[in-house]
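Working notes for the structure below.
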Amino acid sequence: MPLRIAARKIPDAVILPVDAPAYTAASTEVMDTLRAQPGAVVQVLGWDEAFVGVETDDPEGYARAIQRAVLERTRLHCSVGIGDTLVRAKIATGFGKPQEVFRLTAENWFEVMGDRPVIDLWGVGSKVSKRLDALGIHSVAELASAPEQAMQAEFGPRMGLWYRELGRGGSSAVVDDTPWVPRGHSRETTYQVDLADRTEIEAAARVLLEQVLEDAENRPIVGLGLKVRYAPFTTKTFTKRVAPTTDRETVTAKAMELVAKIAPDRPVRLLGLRVELAMPDDARDGHTPTRGGW
DNA sequence: TCTGGGGTCCTAGGACCC
DNA sequence: TCTGGGGTCCTAGGACCC
């Protein structure tokens, strides 16, 4: 729900700004607790989520132990999903909420998920759900047995097969704990008052660039992206590949080339700036996980 | 109801090269 | 002079997730 609406509905609600450092600190404590569990391989998914890979004869017991340990150390509750694939574990977590444990494996996958709408799957959103509807595919079970050719024709060679696999519960069970190297960083701002003239827009872009360069921590920049939302809500992106550089002047000049593409005379409601970063050699090839790479 | 911010990955189409 | 196929790179847009 947009904050504006929430504030209107509950006039005396207390609305706090995001406190990223506090959330990161709490998150780190939780993740450290997970890593301290016997035999655990931990793949962090975000501030409040992680895969824990483990071999055990008693998954439920292990899950309960995790919940106790996290609660003891951080006073935070968590729910745990147990699965024989990453997708099943992730979806199982939803059934475990709040503060419970749920097991979802090949054994009960279709019993639990078969009749549910495809949008309940992790990775299927409203758009894909509608396109599947148009193909006559509504349930998870129907997706699982959808003809490969039809799926590929609609969604492309990779995604077509991937969605079908999703209907079957996914196939990967590998928890990967190699530290994540960000592909890029971005900052965007929705302005309280639309930006009108060129100087204003350029100044705003420079502010975003400063922030983004700080996040980039001197890693070489290989690409730039500018996102523009014109009033009322039309969004455009301009991107540019650049020869790897850490030089501020060069990056600024390239960014301004993108800014020059903004339509004159159109009020700008949002500006976003993104940098794409060079990947270190050891993270570039081989095991980098991809969306379609189950 | 009317619009948050920071990410990732995939696809299509065009340009260019061999 | 024109055609064809295959590969790579770039840009824009789309979709999804937390």
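Distance, A:Gln192 CD to B:dG4 P: 11 Å, rounded to whole Å. Atom-to-atom, CG of A:Asp194 to P of B:dT3 comes out at 11 Å; the value is rounded to the nearest Å. To the nearest angstrom, P of C:dA12 lies 17 Å from CZ of A:Arg229. Counting to the nearest Å, the P atom of C:dC16 and the CG atom of A:Leu121 are 12 Å from each other. Taking atom OH on A:Tyr23 and atom P on B:dG4, their separation rounds to 17 Å, with Å as the unit. Between the P atom of C:dT11 and the NZ atom of A:Lys254 lies a distance of 10 Å, rounded to the nearest Å. Distance CD (A:Glu154) to P (C:dG14): 15 Å, rounded to an integer number of Å. What separates CH2 of A:Trp122 from C1' of C:dA15 is a distance of 15 Å, to the nearest Å.
Within 4.0 Å of A:Thr235, counting heavy atoms only, lies no atom of the nucleic acid at all. Nucleic acid contact for A:Lys130: none, since no nucleic acid atom lies under 4.0 Å from a heavy atom of the residue.
The side chain of A:Phe238 lies closest to C:dA12, out of B:dG5, C:dC16, C:dA12. Comparing C:dC16, B:dG5, C:dC18 by their nearest atom to the side chain of A:Thr190 picks out B:dG5. Ranking C:dG13, B:dT11, B:dT3 by closeness to the A:Lys236 side chain, first place goes to C:dG13. Residue A:Thr237 has its side chain nearest to C:dG13 when only C:dA15, C:dG13, B:dG5 are considered.
Between the side chain of A:Tyr62 and the backbone N or O of A:Val54, no donor-acceptor pair lies under 3.5 Å. Looking at A:Glu276, its side chain never comes within 3.5 Å of a backbone N or O of A:Leu224 through a donor-acceptor pair. Under a 3.5 Å cut-off, the side chain of A:Tyr230 and the backbone N or O of A:Ala263 do form a donor-acceptor pair.
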Item to complete: Kindly indicate, with the supporting measurements, whether the criterion side-chain contact (heavy atoms from CB on, under 4.5 Å) is fulfilled by A:His185 and A:Gln211.
Response: CA-CA 9 Å; A:His185 288 290; A:Gln211 298 173 336; over 6 Å; no

Discussion item. A:Leu273 vs A:Leu226, test: side-chain contact (heavy atoms from CB on, under 4.5 Å). Steps then yes/no.
Written reply: CA-CA 5 Å; A:Leu273 204 81; A:Leu226 180 72; 3.5 Å; yes

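Note that A:Arg229 lies in the cation-pi zone of A:Phe233, set by a 6.0 Å cut-off to the ring centre and a 45° limit from the axis. Cation-pi geometry between A:Arg168 and A:Trp109 is not met at under 6.0 angstrom from the ring centre and within 45 degrees of the axis.
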Distances under 3.5 Å only, N/O to N/O: pair up the protein atoms with those of nucleotides 6-10 of chain C.
none

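Sequence order on DNA chain B of the closest nucleotides to A:Arg8 and A:His185 puts A:Arg8 first from the 5' end. Both A:Phe233 and A:Gly156 lie close to DNA chain B; mapped to their nearest nucleotides by heavy-atom distance, the more 5′-ward contact belongs to A:Phe233.
Stems are defined here as 3 or more consecutive Watson-Crick or G-U wobble pairs with pairing distances under 3.5 Å; those involving DNA chain C are B:5-18 with C:5-18.
Taking atom P in both C:dC18 and B:dT3, one finds a spacing of 25 Å when rounded to whole Å.
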